[in-house]
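As the structure lists them, so they are numbered: ligands from 1, and atoms in each ligand from 1. These figures come from a predicted structure and were not determined experimentally.
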Amino acid sequence: MLITLKVNGQDIESNQSESSLLNYLRDTLHLTGTKCGCEDGTCGSCTVIIDGEAVRSCLVKLDKLNGKSITTIEGLSKDSQLHPLQKTFIECSAIQCGFCTPGLVLAAKAFLDKNINPSKDEIIKALSKNLCRCGSYPRLIEAVQRAAKELRGEPLESFMQEGVTDSRTMGLSVQRKDVLEKVKGETKFVGDLYFDQMLHGKVVWSEYPSAEITYIDTEEALALPGVKLILTSKDIPHNRFGILEPDQFVLAEDRVRYIGEPVAVVFAEDPDIAAAGAKSIKVGYKELPGVFSIEEALSPEAPQLNEQGNIIKQVSVKRGDLDSAFEQADIIVEEEFSTPHGEVAFIETGGAVATPGEDGKVIVYACNQSPFTDRQQLAKILGLGTEKVRIVHLPAGGAFGGKTELTVHAFVAIAALRTGLPAKIILTRKETLRSQPKRHAYNMKYRIAAKSDGKILGMDVKLLADGGAYLSWSPRVLPTSVIFSTGPYYIPNMDINAANVFTNNLVSGAMRGFGASQTLFAVESLLDMLSRKANIDPITLRERNALDIGLPTTSGQILTAGVSYKKTLEAIKKAVNEELLPLKNSDKKIGIGIASAWRSVSGSIGVVEEAGATLQLLANGKLVIKVACTDMGQGTHTALCQIASDIVGIKIEDIQIVAGDTEVVPYGGAVMASRGLYMWGHAVTRASENLLKILLAEGASLLGEREEDLNFTGGAIVNRASGQTLMSLQDLASRSSRQLLVDEHFTLPKTYPLLEDANESCSIDPELYRTNQTINYNTTAILVEVDEETGKVKVIKVIVAVDAGKIINPEAAKTQVEGAVIMGMGFALTEEFLIQRGINLTDSLGKYRIPRISVTPEDIKTIFVDANDPSGPQGAKGVGEIGLLAIAPAITNAIYDAIGLRINSLPVSKHVDMIRRN
Ligand code: FES
Ligand code: FES
């Protein structure tokens with residue numbers, strides 16, 4: 001059947017009547033601004049406008065569109081003029097990773113075309129079918145309100161940042177550098193790459209969580225016309241990989257250990273043939289007994305899943321005399337807590353594309369967080385030198401720790417090398433849910449001993465976590481959990497015992513919080529219980545126990561600088577008194593919850609951490625920054641440009657950033673653990689300082705002046721005394737015969753592993769012993785309303801006070817905190833990745849219940865306390881995770897405040913009946 005339709009004003013004819021509109025737009029017309037995040041109508045990232053209505057294009061087949069007119073994001077800006085919504089999305093900082101942005105802009109456009117005077121509730125309703133995992137919801141509402149105002153012809157207050165000058169941007173909210181492309185749908189994510197003759201791959205996944213493979217029959221699949229290559233374990237040069245240790249099989253050999261284990265891969269001329277090929281591969285399985293819970297893993301009768309047994313790692317830390325602390329206690333609080341498996345749920349699913357390069361090279365395009373780790377692992381799998389593997393990291397459509405590991409990268413790389421053709425695999429949502437690592441599920445048991453004045457004497461902590469089938473990040477997540485398990489408090493006596501175990505559940509890995517979110521939920525709930533038992537308000541209680549300079553952390557590290565935790569408590573005390581307490585005078589069940597959090601910037605605990613930066617002044621006077629630091633929507637690239645701009649004295653618009661290409665940028669580790677700004681900020685600072693020296697020396701030589709008489713500011717060399725401009729940067733760059741380039745590396749000062757005695761016996765000089773270079777702190781107050789009729793909990797107001805050191809770009813940093821708050825609300829209230837006997841019952845995005853725009857609190861207020869970390873670049877730390885970590889306990893503490901019900905296991909939505917009965 002021939003279909004006629006208009007796309008962005010152009011007449012189009014197609015006979016692909018059975019194709020979804022989404023696939024047609026992307027695969028045939030290559031209008032890749034329309035994104036795919038779920039294929040089942042849940043995420044809204046595929047939204048387009050059809051005859052004036054916002055429609056999710058994955059749900060519509062072409063045969064329903066005869067004669068229709070379709071607008072995609074590419075058709076929105078007229079004569080390269082942005083639509084008012086595109087402008088306000090930028091102005092209101094409503095764009096982070098940008099993957100959801102085109103769909104949201106179009107949903108808002110269709111809505112405003114009908115209602116130019118909308119209420120906030122109407123806006124929320126109009127955008128309710130679109131998910132943003134980065135949590136830009138408050139900004140999105142503001143952006144639509146502002147665009148409506150503009151469309152009504154009302155004057156708009158200026159969004160220009162005051163104080164920005166040619167070379168002064170530090171601490172100012174300059175516009176992020178990546179947002180223009182994102183709002184126009186022009187940013188290329190990995191799924192947006194199309195090459196001629198590209199092969200499409202489809203993975204055959206394990207059918208059982210624990211089974212022996214008896215045979216793999218590929219004959220029928222190979223005979224299918226269009227199938228070009230089938231990979232099984234025999235085709236993988238070195239069939240092992242793993243982010244910490246190579247314990248995982250690239251393709252399963254004689255057994256499978258979880259339901260997301262890949263067994264074979266089919267590459268074909270088009271995705272449908274690849275899928276048919278994958279379906280026709282026959283795999284023989286003999287089911288084996290499995291281990292599906294922490295308790296089962298620890299049972300003496302349990303099958304041993306690993307040569308080392310079922311325990312992945314055990315960590316114990318003891319300090320002082322816990323027994324006597326409990327003997328001396330006036331108050332003891334104790335409780336058990338649990339948190340479920342969590343799904344990262346970035347809207348861009350996993351995937352990779354590879355192309356064959358020259359001289360036996362392969363180029364792999366990915367959306368991951370660590371280009372050099374990917375390269376090292378891939379080279380090993382492929383049996384090649386690292387120089388033969390080039391990784392090009394494209395912007396990621398959200399990552400949150402979940403894109404630190406290899407998924408299908410080796411498959412596409414091998415296909416490209418074997419066939420000489422480009423190869424692509426983009427995982428479906430179902431495949432992503434089944435195969436990519438989860439947040440660890442935790443069982444936690446705590447006892448706290450305290451005096452009647454609230455001073456904590458001791459803490460007894462037992463932690464058990466489900467690591468799933470392979471190591472992944474588990475050996476590092478556990479020590480992080482332990483270090484942050486006691487909260488930001490001085491604990492004179494403690495006994496912490498923790499372990500994570502292998503099971504046949506899905507693999508647990510890195511996710512925003514990295515083991516701290518679970519333990520902070522427990523300890524901060526207990527602090528609330530203690531404050532009630534001691535009859536001391538929760539902020540005073542925390543003040544009495546607060547960590548500060550000179551005190552040892554859980555690991556025994558003596559804090560020496562950059563600690564402004566108490567300021568977060570002060571800020572929240574004021575905000576609660578002024579803004580939240582007055583709202584408690586109501587007939588409704590309103591509660592206020594307080595919680596604090598802390599989390600290191602960078603993982604460290606003995607791991608060497610490095611980052612490099614190359615700065616090059618081009619002949620046209622533009623500065624290029626080259627870093628491995630990839631962009632996931634966090635705004636780090638802009639902050640790095642601000643640092644270079646301020647130090648070198650060059651306009652920010654004259655700075656360009658190149659990131660994530662291993663052939664172009666210097667070495668650097670992963671962008672995770674809130675370390676992007678901290679690590680690369682240092683590298684860029686050093687490189688900028690050196691470049692400035694070189695530019696002044698070169699300018700002096702070209703001008704025949706003394707170097708000490710010159711200064712560099714506003715993009716020009718000036719006379720230091722008179723301020724007279726002597727030479728523009730462009731002149732300098734074009735007249736210089738030198739290569740104006742600086743390469744700098746930053747290595748984090750040495751950290752040490754966690755010691756069983758918390759360094760009490762001082763095996764390492766206490767002045768030097770540290771597990772983490774720097775730490776963020778936060779105190780959060782949340783006001784909730786509990787409806788005892790329905791059991792629903794509504795978060796009304798959130799106030800987050802953060803010590804993240806000096807803030808380089810306040811708006812970008814605030815969006816990180818707000819996004820973390822929204823993600824924390826999901827962790828607290830609704831998100832639970834369900835696994836039953838190794839099978840993921842959560843097999844669609846809709847079932848996982850991440851927050852939608854309708855849950856947006858009336859107000860999220862971020863207070864960055866006046867802080868400065870002398871160890872940080874320009875005094876900054878990082879802000880990626882800290883906003884999330886106190887949200888769950890603050891919510892459950894607020895629920896207790898409202899109705900007297902203590903929730904000890906997340907998510908809260910599991911307890912609706914209890915809330916109703918309460
Ligand atoms: Fe269509 Fe998610 S891809 S709604
Ligand atoms: Fe919405 Fe990232 S900006 S998903």
Side-chain angles (χ1 to χ4, degrees), residues 19-27 31-50 54-61 72-73 86 89-90 92-108 127-141 143 176 178-179 181-183 185 187 189 191-192 343-349 351 367 394-400 402-403 426-433 512 630-635 812 814-816 818-820 822-823 826 844-848 850-853 856 880:
S19 169
S20 73
L21 174 60
L22 172 63
N23 288 347
Y24 180 68
L25 291 172
R26 290 181 57 81
D27 297 342
L31 291 170
T32 54
T34 309
K35 305 297 181 196
C36 176
C38 72
E39 319 101 22
D40 65 7
T42 304
C43 74
S45 60
C46 63
T47 303
V48 297
I49 299 176
I50 304 179
V55 175
R56 285 159 289 169
S57 60
C58 66
L59 298 179
V60 195
K61 286 215 171 135
T72 71
I73 193 74
Q86 291 173 305
F89 267 53
I90 293 175
C92 298
S93 302
I95 305 164
Q96 294 189 52
C97 79
F99 196 81
C100 66
T101 304
L104 273 155
V105 169
L106 291 173
L127 302 185
S128 63
K129 295 187 175 117
N130 294 65
L131 288 172
C132 174
R133 186 54 158 167
C134 298
S136 299
Y137 297 137
R139 307 300 180 121
L140 290 165
I141 296 167
R176 275 181 39 185
D178 52 346
V179 287
E181 272 192 357
K182 284 179 176 172
V183 85
T187 300
F189 295 89
D192 301 335
E343 164 64 28
V344 183
F346 28 65
I347 306 297
E348 178 203 32
T349 60
C367 53
L394 301 174
F400 315 111
K403 290 180 178 169
I426 301 299
L427 295 174
T428 63
R429 177 58 60 181
K430 271 193 187 315
E431 290 176 311
T432 296
L433 289 167
R512 204 176 196 177
T630 54
D631 180 83
M632 293 111 63
Q634 70 279 48
K814 272 187 200 167
T815 59
Q816 283 288 289
E818 289 164 15
I822 300 284
M823 195 179 272
S844 70
L845 194 56
K847 285 186 189 168
Y848 187 57
I850 65 174
R852 288 190 174 271
I853 197 167
T856 310

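- For residue Cys46, an N/O/S atom approaches atom 1 (Fe) of ligand 1 to within less than 2.8 Å.
- Neither the backbone nor the side chain of Thr47 comes within 4.0 Å of ligand 1, counting heavy atoms alone.
- The structure places CG of Asp178 at 8.5 Å from CD of Gln634, a figure rounded to the nearest 0.5 Å.
- The heavy-atom pair separating Thr42 from Cys38 by the smallest distance is N-SG, 3.2 Å.
- Of all the atoms in ligand 1, the ones that sit under 4.0 Å from a non-hydrogen atom of Gly37 are 3 (S).
- The distance from ligand 1 to the heavy atoms of Glu39 drops below 4.0 Å at these ligand atoms: 2 (Fe), 3 (S).
- Those atoms of ligand 1 that come under 4.0 Å of a heavy atom in Gly41, given as number and element, are 4 (S).
- Note that the OG1 atom of Thr815 and the CZ atom of Arg176 stand 6.0 Å from one another [nearest 0.5 Å].
- Near Cys43, with a cut-off below 4.0 Å to any heavy atom, the atoms of ligand 1 are 2 (Fe), 3 (S), 4 (S).
- Proximity to Cys38 (heavy-atom distance under 4.0 Å) selects the following atoms of ligand 1: 2 (Fe), 3 (S), 4 (S).
- To the nearest 0.5 angstrom, Tyr24 atom OH is 9.5 Å from Leu31 atom CG.
- For Lys129, no heavy-atom contact with ligand 1 is shorter than 4.0 Å.
- Within 6.0 Å of the NZ atom in Lys61, the count of heavy atoms belonging to other residues, nucleotides or ligands does not exceed 12.
- Annotation for Pro851 and Ile822: closest pair CG-O, 3.2 Å, computed over non-hydrogen atoms.
- Within the cation-pi definition used here (under 6.0 Å to the ring centroid, within 45° of the axis), Lys35 does not qualify as a partner of Phe189.
- In this structure, SG on Cys46 lies 7.5 Å from CZ on Arg56, to the nearest 0.5 angstrom.
- For ligand 1, the atoms lying closer than 4.0 Å to a non-hydrogen atom of Gly44 are 2 (Fe), 4 (S).
- The distance from ligand 1 to the heavy atoms of Thr42 drops below 4.0 Å at these ligand atoms: 4 (S).
- Taking both residues in full, the closest heavy atoms of Val48 and Leu106 are given as CA-CD1, 3.9 Å, listed atom of the first, atom of the second, then distance.
- Listing protein N, O or S atoms at distances below 2.8 Å from atom 1 (Fe) of ligand 2, with waters left out, gives Cys100 SG, Cys132 SG.
- If you take OH on Tyr137 and CG on Asn130, they are separated by 8.5 Å, rounding to the nearest 0.5 Å.
- A side-chain donor-acceptor contact under 3.5 Å links Lys182 to the backbone of Cys97.
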